[in-house]
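In what follows, chains are A, B, ... by sequence order, proteins preceding strands, each numbered from 1.
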Amino acid sequence: MHDLRVLREQIDLLRDGMRRRGVLDTLAPVIDRGQAVERERRTLIQAVEERKAQRNAIAQEVAKRKRAKEDADDLIAQGRALGDEIGQLEQELGSTEAELNRALLEIPNITFATVPEGGEENNVIVREWGTPRASAGVKPHWEIGAKLGMIDIERASKVSGSGFVFYRGKGARLVRALLNFFMDVHRDEHGYEEVWPPLLVNRSTMTGTGQLPKFEDDAYATRTDDLFLIPTAEVPVTNLYRDEILEADSLPMAFVAYSKCFRREAGSAGKDTRGILRTHEFDKVELVRYATQENSGEQLEALTRHAENILERLGIPHRRKLLAAGDTGFSSAMTYDLEAWAPGVGAWLEVSSCSNFADYQARRANIRYRPGKGEKPRFVHTLNGSGVAFPRTIACILEHYQNADGTVSVPDVLRPYLGTDVLS
RNA sequence: GGGGGGGUGGCCGAGAGGCUGAAGGCGGCGGUUUGCUAAACCGUUAUACGGGCUAAAACCUGUAUCGAGGGUUCGAAUCCCUCCCCUCCCGCCA
C-alpha cells in the first residue's frame, strides 16, 4: 500500500510507475479519483477538527462553571449542536476515507528504476547455472514418480480431489529430506532464524501481507472461525512484527520457515497442471527478511543467492530472471524468479520468486524501526523468496537425475538425509 | 464448552465522568556535580493525521489515541453494548 502522500506529492512518479507496468490506462481514473478524494479528505478533517476544538473549549468552560456552581445551559446547548454537526461531518469523512483507501489498495507498488519496463517479453535472464539436460529419453516426473511408488496422484484425487498429491515411500522420505536439507543450509550457513509458523491465520494477518481483501477467493477459509489457511509462510512470518517498532540494530532480520502452502488456484485451471507442478497444497521453505531502506537492495541479492545456493548444491541447472515491471507482482518493487530445468517436462519451472517489497508491505502491516535514538520511526523494507518450493524441485530431481533403467540417482547433498544413493 | 480475573505510554503501575496525554517508579536521552567506575541531583521522554511557518527541518498549533468497534453525555481511560486477546479453575482432547 502506498503512502497517501504519493497522491499529493509524487503523482508524476506514481503515473510513471504505472506506465512502466503497462497499467496506466486502467489506473489513471483511479489515480485521478484518489487525488480528488485526498483533497476532499483534508477539507473534511479541517472542518471536523475545528468543531471538535470548539467543543472541547466549551466542555472546559462548562466544567469551570459547574465547579463555580454557575449555570451552563447555554453552553451545553451549543455543545450539543456542535456534536450533531461533528457526527454528520465524521460520517462524510468516513466514507471519503473508505474511498481513498479503496483507491490506494488498487494501486500496485512502483518498481525500481533498474527494473525493465513493459510486460514479460522484457524479462531478462541475468544469470545461468549448469547445463540443461537434453529431453530425449527422459520421462516426465509423474511417470517416474508413479513407477517408483513415490507419487500417487490418483488416490489423492479420491481422498481430496484434483490438485492433491500423496507422497509415499521414498517420495515421502524425499520431502522430509528436502525439508531438513533446506532448513539446515539456511540456518547454519546463511544465518536465518528457524521459524515454525501457524498455518491458520486471522483476517488482519492476511490483510497485512496483501492477500485480503482483494484475493480472498484464492485462499482457503475455515467455515466458523474467520481463519485462513496460509498460501505461503510469508504471511505469518512477515506479520511476526506487525504493529511493532524495532530497534535499528536488530536489522536486518532473517527468518527461514517451512510450511505447507494452501492455494485454491481459482482461475488458473489448465495451466501447468500436469503431475505435481500446480497443486492446492504444497510444501515450501520460505526466506523472509526485514531490512532498512538503505540496504534492502543488497539484501535482495543476498536472499536470491541463498535460494540459488540450494539449487547449485542439488546440482540442478537453473537460471535467474529479472522480471519486467509488468510481470512483477502487485506489492513488489523488484522480483527475481529462479527457474529450474525439468528435461522430462521440457520446461523451465519457477521454483522461487525473490522479491523486495520496499516499504509497500510494511506500511500496510505497520512494521517500523527507529533509525536512531530519538528519531522518527520508519517503515522497514520487507523481502521474501522461496528457498525453495518442493514439488517442482522434486520434479527436477526426478527428471534431471533419471537413469536409463528408470531409477533416479540421489544428489550427493541429499544422500545423508535420504539414506540411499539411488531411488529405485 | 462452563465459571472467575485481566488488557493503561519502551516496561511496571495508579486512576473509577471534567483540573488526566494520563500520577509514581524503572528504563532512555540531555545536563550539573564528583580523581575514574559508580552514585546523587535537575531537566526531558509517544504515535498518527491535519493546519501554519520553511528549500527542507526544527518549531508553533489543532485533532485523535488508555485492547478494537459502537453507544450514552455539553464532556468518557472512567458508564453501557458487541467483539478480540491474555490469564486462572473445571470439563473435553493430540
Side-chain angles (χ1 to χ4, degrees), chain A residues 1-10 13 34-101 103-105 196 198-208 212-213 221-228 236 239-251 260 293 359 362-380:
Chain A
M1 172 170 180
H2 287 288
D3 190 335
L4 56 87
R5 258 180 284 245
V6 296
L7 289 172
R8 214 188 318 169
E9 292 160 11
Q10 296 176 303
L13 190 77
Q35 227 180 348
V37 172
E38 195 277 331
R39 272 192 297 268
E40 214 174 299
R41 169 177 174 272
R42 273 183 293 153
T43 310
L44 282 167
I45 285 176
Q46 280 180 55
V48 170
E49 293 192 346
E50 203 176 290
R51 283 163 184 77
K52 280 189 176 173
Q54 279 178 43
R55 183 184 65 181
N56 288 345
I58 287 171
Q60 292 297 314
E61 192 56 32
V62 172
K64 204 187 284 177
R65 285 206 203 162
K66 293 242 168 173
R67 272 195 300 272
K69 307 266 192 246
E70 293 172 29
D71 179 79
D73 288 354
D74 54 328
L75 289 177
I76 288 172
Q78 276 181 50
R80 189 176 296 141
L82 273 170
D84 292 346
E85 232 181 310
I86 289 167
Q88 263 178 11
L89 284 166
E90 280 192 327
Q91 214 162 34
E92 266 181 77
L93 182 60
S95 55
T96 302
E97 291 196 320
E99 191 177 349
L100 181 58
N101 221 18
L104 281 172
L105 288 175
W196 199 270
L199 306 185
L200 283 166
V201 297
N202 59 29
R203 185 169 285 275
S204 314
T205 298
M206 288 289 274
T207 307
L212 297 183
T222 58
R223 199 187 299 273
T224 46
D225 290 308
D226 207 33
L227 291 172
F228 299 85
N239 276 283
L240 251 181
Y241 287 94
R242 174 154 50 91
D243 296 323
E244 295 194 36
I245 300 175
L246 306 164
E247 295 303 326
D249 57 18
S250 65
L251 296 174
K260 282 276 191 181
Q293 186 182 316
D359 62 4
R363 180 171 295 105
R364 190 157 170 169
N366 193 28
I367 308 164
R368 292 173 295 174
Y369 73 102
R370 204 179 290 283
K373 290 285 173 209
E375 289 188 56
K376 279 184 161 263
R378 281 156 60 176
F379 290 108
V380 303

Inset, instruction - Please state the P separation for the pair B:U32 and B:G24 - nearest whole angstrom. - result: 25 Å
Legend entry - Distance, rounded to the nearest Å, where A:Q46 contributes CD and B:A64 contributes P: 16 Å
Inset, instruction - Could you check whether A:K66 gets within reach of a base, just the sugar-phosphate, or nothing at all, counting any heavy atom under 4.0 Å? - result: base
Inset, instruction - Would you tell me if any nitrogen or oxygen in the side chain of A:R80 comes within less than 4.0 Å of OP1 or OP2 on B:C74? - result: yes
Legend entry - B:C11 to B:G28 separation - P atoms, rounded to the nearest Å: 15 Å
Legend entry - Separation of B:U63 P from A:E97 CD (nearest whole Å): 17 Å
Legend entry - A:R51 bridged to A:E90 by N-O distance under 4.0 Å: no
Legend entry - Neighbour count >12 (heavy atoms, 6.0 Å) for atom CD, A:E9: yes
Inset, instruction - Please figure out whether A:A53 or A:Q60 has its closest RNA chain B nucleotide nearer the 5' end. - result: A:Q60
Inset, instruction - Please determine if a side-chain N or O atom of A:R41 lies less than 4.0 Å away from the OP1 or OP2 oxygen of B:G50. - result: yes
Inset, instruction - Taking only the side-chain nitrogens and oxygens of A:R67, find out if one of them lies under 4.0 Å from OP1 or OP2 of B:C19. - result: no
Inset, instruction - Compare side-chain N and O positions of A:R5 against OP1 and OP2 of B:C49 and report whether any pair is under 4.0 Å apart. - result: yes
Legend entry - Side chains of A:L7 and A:R39 in contact at under 4.5 Å (non-hydrogen atoms): no
Legend entry - Pairing nucleotide - B:A48, Watson-Crick or G-U, each distance under 3.5 Å: B:U63
Legend entry - Atom pair distance, as rounded to whole Å: CG in A:L82 and C1' in B:U63: 14 Å
Legend entry - B:G15 to B:C85 separation - P atoms, rounded to the nearest Å: 28 Å
Inset, instruction - Answer with base, sugar-phosphate or nothing: what part of the nucleic acid does A:I45 contact at a heavy-atom distance below 4.0 Å? - result: sugar-phosphate
Inset, instruction - Over all heavy atoms of both residues, which pair between A:G34 and A:L100 is shortest? Give the atoms and the distance, please. - result: O-CD1, 3.7 Å
Legend entry - Atom-to-atom span, CZ of A:R378 to P of B:A48 - whole angstrom: 13 Å
Inset, instruction - Can you tell me the distance, in whole Å, between the CD atom of A:E9 and the C1' atom of B:C49? - result: 14 Å
Inset, instruction - Once you apply the 3.5 Å cut-off to both distances, tell me the Watson-Crick or G-U wobble partner of B:C93, or none. - result: none
Legend entry - B:C19 pairs with, by Watson-Crick or G-U criteria that keep both distances under 3.5 Å: none
Inset, instruction - Could you tell me whether a side-chain N or O of A:R55 sits under 3.5 Å from a main-chain N or O of A:G83, the two making a donor and an acceptor? - result: no
Legend entry - Euclidean distance, atom CG of residue A:D3 to atom P of B:C49 [Å, nearest integer]: 7 Å
Inset, instruction - Remember a base hit wins even if backbone is also touched, and classify A:N56 as base, sugar-phosphate or nothing at under 4.0 Å, heavy atoms. - result: sugar-phosphate
Inset, instruction - Looking at every strand, decide which applies to A:R8 at a 4.0 Å heavy-atom threshold: base, sugar-phosphate, or nothing. - result: sugar-phosphate
Inset, instruction - State whether the side chain of A:R41 and the backbone N or O of A:E97 hold a donor-acceptor pair below 3.5 Å, judged by distance alone. - result: no
Legend entry - 5' precedence on RNA chain B between A:E38 and A:I76 (nearest-nucleotide basis): A:E38
Inset, instruction - Using a 4.0 Å heavy-atom cut-off across all strands, classify A:R368 as base, sugar-phosphate, or nothing. - result: sugar-phosphate
Legend entry - Under 3.5 Å donor-acceptor, A:N239 side chain and A:T205 backbone: yes
Legend entry - Separation of the C1' atoms in B:A39 and B:U20, to the nearest angstrom: 34 Å
Inset, instruction - Could you tell me whether A:L44 contacts a base, only the sugar-phosphate backbone, or nothing, with contacts defined as non-hydrogen atoms closer than 4.0 Å? - result: nothing
Inset, instruction - Could you give the distance separating B:U47 and B:C81 at their P atoms, to the nearest angstrom? - result: 35 Å
Legend entry - Span that lies between the C1' atom of B:U63 and that of B:G7, in whole angstrom: 26 Å
Legend entry - P atoms of B:U78 and B:G17, separation to the nearest Å: 11 Å
Legend entry - B:C41 pairs with, by Watson-Crick or G-U criteria that keep both distances under 3.5 Å: B:G31
Legend entry - Span that lies between the C1' atom of B:A23 and that of B:U8, in whole angstrom: 12 Å
Inset, instruction - Mind calculating the distance between NZ (A:K52) and P (B:C49) to the nearest angstrom? - result: 16 Å
Legend entry - Under 3.5 Å on both distances, the Watson-Crick or G-U partner of B:A55: none
Inset, instruction - Give one of base, sugar-phosphate or nothing for A:R65, where a contact means two heavy atoms less than 4.0 Å apart. - result: nothing
Legend entry - Mate of B:A76 where both pairing distances stay under 3.5 Å, Watson-Crick or G-U: none
Legend entry - Beyond-backbone contact of A:R65 with A:D74, side-chain heavy atoms, under 4.5 angstrom: yes
Inset, instruction - Return the nucleotide paired to B:C11: Watson-Crick means purine N1 to pyrimidine N3 with N6-O4 or O6-N4, wobble means G-U with N1-O2 and O6-N3, both under 3.5 Å. - result: B:G25
Legend entry - Value in whole Å for how far the P atom of B:U61 lies from CD of A:Q54: 19 Å
